[in-house]
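First the structure, in the form of structure tokens, and then the observations on it.
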Amino acid sequence: MNIYAVIFYILGVLIVAFTVMAITRRNLMHAIVFLVGSFIATAVLFYLLGAPFLAIMEVVIYAGAIMVLFLFIVMMLEIEPEERDWWAGLRPWLWPLSLMGISLAVIFVYLIFASGSSHTLPMVMASPLAFGRFLFEKYWLGVEIASYLLFVALVGALYLGRGEETGG
Amino acid sequence: MMLNFPLLSIVVFFPLVAGFLCLATSNRQLLCRSIALVIAVTELGLVISLATINPHPVAGPTGTWMLVESHTWIPSLGMRYSLGMDGISYLLLVLTAFINVLCVLISWRSIIHRVGSFHFFLLFLESSVIGLFLATDLFLFYLFWEVQLIPMFFLVGIWGHERRVHAAIKFALFTLCGGLLMLLAIIGLYLLHGAQTGVYTFAYNELIKTQLSSTAQFWLYAAFLLAFAIKIPVVPLHTWLPDTHTHAPTAGSLDLAGLLLKTGFYALFRFAFPLFPDAARASLPILIGLGLVGLFYASWLALSQIDVKRLVAYSSIGHMGIMVVGVAVWNMMTLSGSILQMINHGLSTTALFIMVGMIDERLHSRKFENLGGLWYKMPVFSGFFLFFAMASLGLPGLNNFVGEILIIIGTFQVHPVIGILSFAGLVFGVIYILRMVQDTIFGTPVKEHHHVLFDLDFREGFTLVLLALPILFIGLHPGPVLRLLDHPVQHLLTQFSAIATVATGM
Amino acid sequence: MTVILFILLLFPLAGGVINAVIGRLLPRRVSEVIACLGVVGAFVMAAIAFGLGGWKSLHLIFFDWIKVGTFSAAFDVYYDPLAAVMILMVTFVSSLIHIYSVAFMREDTDYVRYFCYLNLFVFSMLVIALADSLLFVYLGWEGVGFCSYALIGFWYTNLDYALAGRKAFILTRIGDVTFGIALALFFYFFHSFSLQYINAHATTLSVTMATVFGLLLLWAAMGKSAQLPLTVWLPDAMAGPTPVSALIHAATMVTAGAYLLMRLFPVIHLSHMAMLVIAGTGAITTLYASFAALAQVDIKKVLAYSTISQVGYMILGVGAGDFVGGFFHLLSHSFFKSLLFLGAGCIIQACDEEHNIFKMGNLRRLLPHVYYPFLIGCLSLAAFPMIGGFLSKDRVLEATFIHPAPIYKAFWAIAFLAALLTVVYTFRMFFTAFLDRPDGRTADEIKPIPRLMTVILWPLAILAFCDGLLNLPFGPISNGLAKFLAAVPGARVDLGAPAAVSWGLGLGDAALVLVVLTLTYFVFRRPRPDFWGSLNETLFTAFYLDWLYLNLIARPYERFAAVLWRDVDERGINAGFENTAGGFKVLSSLMGLWTNGKLSTYLLMLLLGLTAMLTVLILSWHW
Amino acid sequence: MATDWIGLLPIIILSSGGVIIFLVGAFWRSRPRDLLFALALLTALAASVVTFLLPAARPNFAGLLDLGGYGRFFIFLLLFITIVTLLFLRQYSRTHGFSGDELYALLIFSVLGMVFTAIATNWAIFFLGLELLSLALYVLIAIRKGEPYGNEAALKYFIMGAVASAFLTFGLGLLYAMTGNLQIAGSLAAAQTYPDHLPVILIGLAFLMVGIGFKISIVPFHLWTPDVYEGSPAPITAFLSTGSKVALFAALLRFCLLVAPPVWDYAWPFFWALAVLTMAVGNLTALYQTHAKRLLAYSSIAQMGYLFMTLVAIKQGSLPAVMFYLAVYAIMDLGAFGIIGTFSKAPTFGIKGTLSKTPTDLEKLTDYQGLGYSHPWRAAILATCLISLTGLPPTAGFIGKLVLFRAVLHANFITLAVVGMLTVILSIYYYINFVVHLYMHERHHRGRLPSPDVAIGLACAVILLGILWLG
Amino acid sequence: MAYVVPFSHVLVLAAILFLLGAVCALARRNLIMILIGVEVMLSAAGLVFIGAAMRWQQLDGQAFVIFIMAVAASEVAIGLALILYSRRRTGTINADRYNLMKG
């Protein structure tokens, strides 16, 4: 147990805690704020796991762009928090939680007792430059497709966002 | 004997191809009908003339074929397009073509909507049935087997009576149910054969050599039997038949009773028995039992019907019962008798359906309560009705008798008790036939109907005469017909010898 | 000879077919002539054949019928003295009846159908009489059945009549089942249907088999000849036109059963058991029908029961081992009974379709032309001494009496009692109908009938009166018929009874008949419809046999058919299939609830599927 | 290397075509009416011709794409689907007012995504292709603006798709974590290299299966199918139900072929069970449907079940059977949904220029009553498609089923085949019932239906030909 | 060389995170919350990839994460547009209210 491990576990607890808070909030605003916290912790974790570039991207894209988009939309929609009583609020969680429990148990069992994944991670760091070069050498096609993807998303969002009209 | 000229293919596909003419002329009814008639008659002529090509075939190792034809078709799957005609198929072909002529004739006035497609479907059906009787490749056979469903489905569903849709769906479901399981069995057989010999083929003559374990035989045979038993139909799988008959148009009933039911029989002894001899042998007692039950049960039921057509439909099931017995007893006499009976039933029951159709055309009812005393206004009609009823009841001198007596006496030689029971079953037949005659042409005429009842016109009379002649001919001189069957039946018997000690003298 | 017999058969067939096909287009007269010609021609042919070789036994083949493997049946005839006489009788009686019918049916518009059936009937009957192949016999056998059915229900608009026809057909058909079985059995043993062959090789059969054959054939005969227990159709068959009753239900068809037994006598003869049962059936039926006839009010019903009774004698004759006697009785019966029926036909028409004898009376005065022939017929039926009927009946009784087995004595006693009853019911009818009485008919209640109808009675009357000559028990031409039939296997020319027995029986019989006749005169001089008192109902309904049939067999059968249809087929099997289909539909709509339109459910399924997969995975893991 | 780049040509054509369409749509306002349609058609045609003419390329392009025979088969099939969809769409989009550049561009991009999905040999490309096709489809489904059904369908499809693709991504992550290889072949074969990783690989595959199962509507991930099919414009449904399924199946087939034996030994019982479930539930639920598009949706679930059933036997050489049936299925479903689309009425406009709330496609089976007589040709083709879906001769569906069951039996999965056949029997009812409505009922009251344009005629002809020729 | 933690711990963390996201997507009826759940799930997947990249000392895993981010971004874009559009039309963002079609 070295310092990295300690950081890892602290981050892990933080991420889970933030996420749990986020997904249980009734108020969307609160949820998003917690989520941003979770994402930032994740970014740090990424850094820890040897992906500094991705850590930055995580902050920029997830915690930054995406969450801001969410905030923006939420504010635009002016959604008031749902008012439900205790039981009605709990009921939808029952099934997912129990299923989650089972799945998690299975995964635990497999990971802990029956797998060769006990390999301990060495501490390395990928430099952003090497990463970029690698990306464009090997996965240039992927980048192309990703660009189409964003393009389609743009077009689609525009189309859907446009007012109702009968087109041409 | 191999002819370069694809005569059999022409016979098979001529009606279908020419049928498109009917579709094309559907706007001009008379023309359309005439074309259909011409096509049907031409087809009949073609079929009959087939006999002249090789009337006395030499018995070969695979059967006594009068004509064969074979081409590669989908070689990768081992499918061949191969047709073959022997005496049995020839007879059935003639019956098919003949009944189709009748179908066109009797629909002359009763079908007034969508004439083009009606005749197209009729001819389509003819093609598929003829193809079925000729196919010697199991896959090709199956293809025709399923294809025949489509035109029949439309014939019943579009031009039928009140609950036609229900009837059509029921018909389709029942027959497909058996058919699809049979498809599995066919594929299974094909694969087993392929695994044994390395040659993947659907050719019947090859498949018959497959060595099968008894379990495999049992299951494959069960699937085949189910399909055929539904089509025949064997009690208790018969319930689709009365419904379908009742609601089918007359021509549909004709095709159904005259042809479709026969395909089940044909397939049973042509394919199912020889392919799976052991399983088949084990099933014979069951078949006999079911046949007898069917004979009694259907005859009994028929008595209480309130609809003439339904009565005839049940009578049909009863007749099928005795034919099943005949096939299942499996000796020269019963088999010939059963095959002959297929023709006979095709003639006499068909005739009854036609006549019921005529009643329906006039009265728009087939309920007994609305009938009675028809003789008063329609003596010629009634005379024919009586004649055909008697034929159906097995009066000696008419066709059914010959077949029945062959079956019964043949059965008796092997299983006396069964023979006696089947004979007794015929009495049940008398009861409902007489009831039908009684409540239709006899009894007090219903006055209100007098203005709609008119006797046969020329076309109708002609149709019935066409039917009466072969009935008499087979009744009095079945020799030529039976001679045709001699060799093929012999061949079938050697292919599948069910009972080692057939009665002495056989 | 082949040609002659072929033409013989062809004549009525052609007549029938021509009438059937184009009869409606022909003038009435032509149609009638064709019909009559068909039968008269047959008669002529029969006579020629008789002249040329009536004493020979010939097997002649026309052409093949069915042939599969070793199974073969041909259209062939076996012409022997028995058949020769039979066809002579059949064609003769039919000819007369045809001619009679022309007059009788003068007002009916449906004459074509009538004559057509009648001709076909004659054809079928001739086939029975002549055919060698049993299958061919069977053709005739069913043919007569059909014609009888069609003719009984000739006046189809009357529901009861048509029902009577149906009843007749079904009952005789029930009888035929055993005929069919016998056919199959014959084929099993002999590989042939030929009568001649079978008779020649009959001795190869074991006694048991012979018994079986005998019983099978007896049952067949019971159906056709209306013997107990299959009697009930015959009285109802009187619904047909009277000439039909005369021809079919008296002279020819009903005797076919007896005739069949005679034809196959060598076979049944082998078994004492079978013979015993046959004789017993004949005797009991005779008595039974006589009793039933006592209380009938319908003139035709009286005759019908008397027919059953008389056919019983024929069967008894066969059973007693003397089929010649039976055949003799068959002949004389056919004459006098057709005579009686034709006479009855005249009476009925004259009385304006009145059947009830108690509503007649005075007919001796009003219908003298009918009276005398009818009287002769009655005398013959009642076995008035020295008339044909007497001699033939006497021979049957004698044969029964001298049979070595003791039980035959009982049969004789029964049959003898029946013979006496015959006198009673015959003359009860005769006296009631013909004798003068104040409340009887008057002249203006009598419709004129054509002369032809009464004229026709006379040839029959003469024959009925004189046919005893055919087989006188004594004298220079004694046993003429028997001698003629001697060539037929199994025939006994002389019964071989001691003269004392023979004479004693004959005279005793004659004397008793006379006594009873006298008594009857005194009792039934006046119409006494309720003479039998409380027994009347029992007798009238023939011991409720019909009722029993109806309620024990016919009704349950029909009801069960309905149950079978509605409950077993529709509600059971069919509903089973349809409910299965319906069940699938219900299941389907339940499945449809799964797709509830809610995203939360849909999403849940993703995790559920995953969890299920993971769980199964870990459960099935090979640790 | 040069030939490899040429092998990429169809993809280049497609992508540039998509961009051009969008550019034209954006900047040439006064363009001829049919220009976009023509451009899209031209793109697809050109791509397919190029695919057809190309020399065989090496099956592994840059470790990312499979441009060999297998890949090209699916490219061609997908392009065929596109062309037919385009033909059906022309009139439909015009009468329903969405024939803008977005439609055609997105369609082309969607095909591009499908192509990538189908021919990817790298998980990243597969993943991206899948997302591309999904994103484009989300918009395509909702392309009829203001129409509640399309909107709801898009929403449902999107939410489901997003969650499912998250599952898929996580599964890929696990797979990669255990094998250290993003090459599909390499990672799937790695179970042999690292036998003790097998459990987690299997977990990863289970996650992956959820994602793929959702896309190809395997029970229990199928629930979206009827809703989405119902809500989408019919030609889009046709595209959705064929294109995305074919693409995903192409990928799934590849996975199954490449997967290492120890994994497969664990996996195939799952496939077996899922196949049975899918066939049974799909056919069973379709039975009571009275809504044409939902009925066909369930039927397509069942068809997927048949394919899945054959997939179980993939290691015993059922690949050609599945490929053949995929092609047949594509033709049949395209035909069925496409023809339904041609019966769609133009939307009516409410008071404030808003669209009326009623769906324009013919919905209920009863709406189809009597169409067999008023529109004989189209009805006949629809009926042929239905009969083919049932699997009756002489149609392609029959041969297809034959081939499928032959493959399954050949691999000795007898129970599976029997169960499959029993569900086929169940299915007869609803197909036939549809045909019954077309032909055996009197004409139902209904307004005038549009008559088809040339493009539809062409599409119909192609489909009929396809069904009968393959049969 | 310094070691961080056993790889399986990373996987466990990712699995928990993923399932939390899944539970969010499944349990919440709010469309936006569902979308948030998806984001969490995707981020968990990214975590797996990054861990794996470290485990195998490869950059492929990191490349994949870039793609995941691209996908996440475009999904959110389309998704939010769609939600916005739906909300404009129906006035609700409750997922279960969208049940015009069912059965």
Side-chain angles (χ1 to χ4, degrees), chain D residues 122-125 127-128 130-132 134-136 138-139 142 145-149 151-156 158-159 161-163 165-183 200 203-204 207 223 226-231 285 288-291 293-294 357 359, chain E residues 7-8 10-11 14-15 17-19 21-22 25-26 31 34-35 37-53 55-58 60-61 63-68 70-72 74-79 81-83 85-86 88-90 95 97-103:
Chain D
N122 187 299
W123 288 116
I125 304 298
F127 174 66
L128 288 169
L130 185 62
E131 288 302 325
L132 181 59
S134 308
L135 282 181
Y138 300 149
V139 185
K145 294 290 286 289
E147 200 262 352
Y149 292 90
N151 175 216
E152 184 182 324
L155 194 67
K156 280 179 172 167
F158 167 73
I159 296 289
V163 176
S165 72
F167 273 92
L168 183 128
T169 319
F170 193 76
L172 287 181
L174 286 181
L175 194 62
Y176 174 66
M178 287 300 117
T179 60
N181 199 338
L182 269 183
Q183 290 296 313
V200 183
I203 292 180
F207 275 91
L223 293 171
D227 292 357
V228 173
Y229 282 15
E230 182 190 343
T285 320
Y288 93 115
Q289 286 300 331
T290 52
H291 190 293
K293 277 157 86 182
R294 292 186 84 82
K357 296 279 190 243
Chain E
F7 184 39
S8 55
V10 180
L11 290 185
L17 197 55
F18 179 86
L19 286 171
L26 266 55
L31 285 170
I34 294 177
L35 213 50
V38 172
E39 293 311 312
V40 173
M41 289 157 87
L42 282 175
S43 145
L47 188 57
V48 175
F49 271 102
I50 287 189
R55 153 85 172 73
W56 298 101
Q57 300 290 316
Q58 286 175 352
D60 295 65
F64 206 104
V65 176
I66 282 286
F67 297 142
I68 292 180
V71 165
S74 28
E75 263 183 6
V76 165
I78 291 268
L82 202 55
I83 291 170
Y85 164 56
S86 307
R88 243 198 340 251
R89 202 177 49 72
T90 61
R97 296 276 168 76
Y98 291 89
N99 61 351
L100 214 54
M101 299 172 288
K102 61 183 165 211

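Letters A, B, ... mirror the listed sequences (proteins, then strands); counts begin at 1.
- For a residue to count as touching a neighbouring chain, one of its non-hydrogen atoms must lie under 4.5 Å from one of that chain's; by this rule Thr285(D) does not touch chain E.
- Annotation: side chain of Leu172(D) is in contact with side chain of Phe49(E) (closest heavy-atom distance under 4.5 Å).
- With a 4.5 Å cut-off on non-hydrogen atoms, Ala14(E) touches chain D through its backbone and its side chain both.
- With respect to chain E, the highest number of heavy-atom pairs below 4.5 Å among Thr179(D), Val228(D), Leu223(D), Ile203(D) belongs to Thr179(D).
- Here OG1 of Thr169(D) is found 7.5 Å from CZ of Phe18(E). Values are rounded to the nearest 0.5 Å.
- Of all the listed residues (Leu31(E), Val10(E), Ile83(E), Leu47(E)), the one sharing the greatest number of non-hydrogen pairs under 4.5 Å with chain D is Leu31(E).
- Ranked by heavy-atom pairs shorter than 4.5 Å toward chain D, the options Gly61(E), Ala25(E), Ala22(E) are led by Gly61(E).
- For the pair Arg88(E) and Asn151(D), the minimum side-chain heavy-atom distance is 4.5 Å or more.
- Contact record, Leu100(E) with Glu152(D): CB-OE1, 2.6 Å, taken as the closest heavy-atom pair.
- Looking at heavy atoms from C-beta onward, Tyr176(D) lies in side-chain contact with Gln58(E) at the 4.5 angstrom threshold.
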Practice item. Please lay out, stage by stage, how Tyr149(D) and Met101(E) fare under the test side chain to side chain contact (heavy atoms under 4.5 Å, CB included). Key: CA-CA 8 Å; Tyr149(D) 292 90; Met101(E) 299 172 288; 3.6 Å; yes
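- Between the CG atom of Leu19(E) and the CZ atom of Phe170(D) there is a distance of 7.0 Å, given to the nearest 0.5 Å.
- Ile159(D) contributes atom CD1, which lies 9.5 Å from atom CD of Glu75(E) (distance to the nearest 0.5 angstrom).
- Of the atoms belonging to Phe127(D), it is side-chain heavy atoms, and not backbone ones, that fall under 4.5 Å from chain E.
- The distance from the OG atom of Ser86(E) to the CG atom of Leu155(D) is 4.5 Å, given to the nearest 0.5 Å.
- Residue Leu35(E) touches chain D through its side chain alone, counting heavy-atom pairs closer than 4.5 Å.
- Looking at every heavy atom in both residues, Ala177(D) comes nearest to Ala52(E) through CA-CB, 3.4 Å.
- Considering only heavy-atom pairs separated by less than 4.5 Å from chain D, the leading option among Gly37(E), Ala15(E), Ala81(E), Ala72(E) is Ala15(E).
- Smallest separation of non-hydrogen atoms from Lys156(D) and Asn99(E): NZ-CA, 4.1 Å.
- How far CE of Met178(D) is from CZ of Arg55(E): 7.0 Å, rounded to the nearest 0.5 Å.
- The CG atom of Leu82(E) sits 7.0 Å away from atom CZ of Phe158(D), with the distance rounded to the nearest 0.5 Å.
- Of the two parts of Ile34(E), only the side chain, counted from C-beta on, holds a non-hydrogen atom closer than 4.5 Å to a non-hydrogen atom of chain D.
- Residue Leu174(D) touches chain E through both its backbone and its side chain, counting heavy-atom pairs closer than 4.5 Å.
- Trp123(D) has its side chain out of reach of Asp60(E): every pair of non-hydrogen atoms, C-beta onward, lies at least 4.5 Å apart.
- Among Val71(E), Leu42(E), Leu26(E), the residue with the largest count of heavy-atom pairs under 4.5 Å with chain D is Val71(E).
- No side-chain heavy atom of Asp227(D) sits under 4.5 Å from any side-chain heavy atom of Tyr98(E).
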